[in-house]
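Note that the structure is predicted; figures quoted are calculated from it, not measured.
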Amino acid sequence: MASERRIRIAPSILSADFARLGEQVEEAERAGASCIHIDVMDGQFVPPITFGAVVVEAIRDRVAIPLEIHMMTLQPELHIGQLSDAGANRIIVHAEACPHAHRVVQQIKDAGLEAGLAVNPATPLAATEEVLADLDQLLVMTVNPGYGGQTFIDSMIGKIERARKMIDAQAPDVVLEVDGGVKVDNASSAADAGATLLVAGSAVFSRNQSVAESMAALHRAVETDAAPGAD
């Protein structure tokens, strides 16, 4: 068994077919997605520009599962209210983009949302320790953020293991999420290291098989049940 913990899948729409976005997120929900992962990029913190509140609102009308917003932006606090109004359930910000991370986390909580903090591959976990107890989720990036379809950085397995130990010791209710290059052939390694929520983009939204087939393959890889469940 990949992990004794229940492993959940968060499909990332970054790899979806945007001509069929509504249909594809509905397919992901039916296939057992725990939540829908939406990457908001500003062209500054990372090179691409992607989605905003309009897309969040459109997806909110199509699925009942939570929407988590991964803010790969500078000054993410400027968008909390708009994203909350659009139907977001969780906002994840980057430690590297938030010199006052505690304040931003509290702003997210004050908006009635769950709060997550993400760290890039080169950022030490120490950057999250002082705010860990205030988080709902810790996200370990296993690629450098900005582009879909990248290769999982194998050396991040050790970082996931250290994050698991830190969470278990200090804030056991915090969800440990992994994002970047998650595929059928490495999902169990991430789960064995201690992650319980796996973001998957191109491994879910593929031209080679249906969303249902892709989700089933990921669930089999981590030997978890594919029934839908809220966060």
Side-chain angles (χ1 to χ4, degrees), residues 5-41 50-72 76 79-93 105 107-118 135-139 148 173-179 182 187 191 195-206 209-231:
R5 303 177 179 88
R6 178 173 176 246
I7 312 303
R8 297 169 295 148
I9 308 299
S12 168
I13 66 167
L14 194 61
S15 298
D17 177 353
F18 295 111
R20 299 181 53 243
L21 182 57
E23 297 170 32
Q24 289 206 316
V25 294
E26 289 175 349
E27 290 170 14
E29 180 178 36
R30 288 194 298 270
S34 174
C35 61
I36 300 295
H37 186 91
I38 303 171
D39 292 306
V40 175
M41 306 185 194
T50 56
F51 321 112
V54 172
V55 172
V56 175
E57 187 173 11
I59 294 173
R60 178 73 290 160
D61 289 340
R62 301 297 290 261
V63 298
I65 55 177
L67 305 182
E68 67 173 25
I69 316 303
H70 183 181
M71 297 293 287
M72 301 185 202
H79 308 285
I80 293 169
Q82 189 179 24
L83 290 166
S84 176
D85 291 344
N89 300 97
R90 180 186 309 122
I91 293 179
I92 303 164
V93 298
V105 166
Q107 288 174 321
I108 296 170
K109 296 271 197 171
D110 289 345
L113 308 178
E114 293 185 358
L117 191 63
L135 300 178
D136 296 289
Q137 200 151 299
L138 176 63
L139 172 57
D173 291 334
V174 171
V175 173
L176 178 54
E177 184 173 28
V178 163
D179 181 7
V182 172
T196 56
L197 183 58
L198 306 179
V199 178
S202 57
V204 170
F205 301 110
S206 165
Q209 58 186 2
S210 70
V211 170
E213 290 169 336
S214 297
M215 287 288 292
L218 283 167
H219 281 116
R220 285 195 299 271
V222 294
E223 296 184 358
T224 188
D225 124 8
D231 282 0

Chemist: At their closest point, which heavy atom of Ala53 faces which heavy atom of Leu83, and how far apart are they?
Modeler: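 Of all heavy-atom pairs spanning Ala53 and Leu83, the closest is CA-CD2, 4.1 Å.
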Chemist: What closest approach, in Å, do Ala187 and Ala221 show between heavy atoms, and which atom pair accounts for it?
Modeler: CB-CB, 4.4 Å
Chemist: Before you tell me yes or no, could you show the steps for Ile38 and Val56 under side-chain contact (heavy atoms from CB on, under 4.5 Å), namely the whole-Å CA-CA distance, both residues' side-chain angles and the distance that decides it to 0.1 Å?
Modeler: CA-CA 8 Å; Ile38 303 171; Val56 175; 4.1 Å; yes
Chemist: To the nearest 0.5 angstrom, please state how far the CG atom of Asp39 sits from the CD1 atom of Ile13.
Modeler: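 CD1 of Ile13 is found 7.5 Å from CG of Asp39.
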Chemist: By side chain to side chain donor-acceptor pair (under 3.5 Å), which residues pair with Gln24, not counting sequence neighbours?
Modeler: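 Side chain to side chain donor-acceptor pair (under 3.5 Å) check on Gln24 returns nothing, list empty.
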Chemist: Excluding sequence neighbours, so at least two apart, what forms side chain to side chain donor-acceptor pair (under 3.5 Å) with Gln209?
Modeler: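 Applying side chain to side chain donor-acceptor pair (under 3.5 Å) to Gln209 gives Ser214.
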Chemist: Are the side chains of Val211 and Val204 in contact, using a 4.5 Å heavy-atom criterion?
Modeler: yes
Chemist: Which heavy atom of Val63 sits nearest a heavy atom of Val25, and at what distance?
Modeler: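 Scanning both residues, the minimum pair turns out to be CG1-O, 3.6 Å.
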Chemist: Which atom names give the shortest non-hydrogen contact between Val182 and Ala200, and what distance separates them?
Modeler: O-CB, 4.3 Å
Chemist: Not counting sequence neighbours, which residues clear salt bridge (charged side-chain N to carboxylate O under 4.0 Å, His left out) with Arg20? List them please.
Modeler: Glu23, Glu27
Chemist: Got a sec, which pairs hit ring pair (Phe, Tyr, Trp, His ring centres under 6.0 Å) with one end in residues 14-40, sequence neighbours left out?
Modeler: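 Sorted pair list: Phe18-Phe51, His37-His70.
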Chemist: How long is the gap from CZ on Arg30 to CD1 on Ile65, to the nearest 0.5 Å?
Modeler: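 If I round to the nearest 0.5 Å, the distance is 11.0 Å.
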Chemist: Given 3.5 Å as the limit, does a donor-acceptor pair link the side chain of Arg8 with the main chain of Ser34, or not?
Modeler: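 Not a single qualifying donor-acceptor pair exists.
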Chemist: I'd like to know if the side chain of Gln82 and the backbone of His79 have a donor-acceptor N/O pair within less than 3.5 Å.
Modeler: no
Chemist: Specify the closest pair of heavy atoms between Val178 and Ala195, including all atoms of both residues, with the distance to one decimal.
Modeler: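 Of all heavy-atom pairs spanning Val178 and Ala195, the closest is CG2-CB, 3.5 Å.
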Chemist: Decide side-chain contact (heavy atoms from CB on, under 4.5 Å) for Leu117 and Leu139; before the verdict, give the C-alpha distance in whole Å, the side-chain angles of both, and the deciding distance to 0.1 Å.
Modeler: CA-CA 6 Å; Leu117 191 63; Leu139 172 57; over 6 Å; no
Chemist: Is any side-chain heavy atom of Ile108 less than 4.5 Å from a side-chain heavy atom of Val93?
Modeler: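 Sidechains of Val93 and Ile108: in contact.
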Chemist: So do the side chains of Ile59 and Leu67 get within less than 4.5 Å of each other, counting heavy atoms only?
Modeler: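 Touching, per the 4.5 Å side-chain cut-off.
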Chemist: Look at the side chain of Glu29 and the backbone N and O of Ala64, then say whether any donor-acceptor pair between them is shorter than 3.5 Å.
Modeler: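 Checking the backbone N and O of Ala64 against the side chain of Glu29, a donor-acceptor pair under 3.5 Å is found.
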Chemist: Can you give me the closest heavy-atom contact between Met215 and Gly32, atom names plus distance?
Modeler: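 Closest approach of Met215 to Gly32: CE-C, 3.8 Å.
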Chemist: Tell me, please, which residues at least two apart from Thr50 pass side chain to side chain donor-acceptor pair (under 3.5 Å).
Modeler: none
Chemist: With rounding to the nearest 0.5 angstrom, report the CG to CG distance, Leu197 to Leu138.
Modeler: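 It comes to 11.5 Å.
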Chemist: Do Arg60 and Asn89 have side chains that approach each other closer than 4.5 Å (heavy atoms only, starting at C-beta)?
Modeler: yes
Chemist: Would you compute the distance between atom CD of Glu114 and atom NZ of Lys109 and round it to the nearest 0.5 angstrom?
Modeler: 7.0 Å
Chemist: How long is the straight-line distance from CG of Asp173 back to CD of Gln137, given to the nearest 0.5 Å?
Modeler: 12.5 Å
Chemist: For Gln107, give me all partners under side chain to side chain donor-acceptor pair (under 3.5 Å), at least two apart in sequence or on another chain.
Modeler: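 Here no residue qualifies.
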Chemist: Would a distance-only check, ignoring hydrogens and angles, find a side-chain to backbone donor-acceptor pair under 3.5 Å from Ser12 to Gly201?
Modeler: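 Absent.
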Chemist: For the atom pair CD1 (Ile91) and CD (Glu68), what is the distance rounded to the nearest 0.5 Å?
Modeler: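 Going from CD1 on Ile91 over to CD on Glu68, the span is 11.5 Å.
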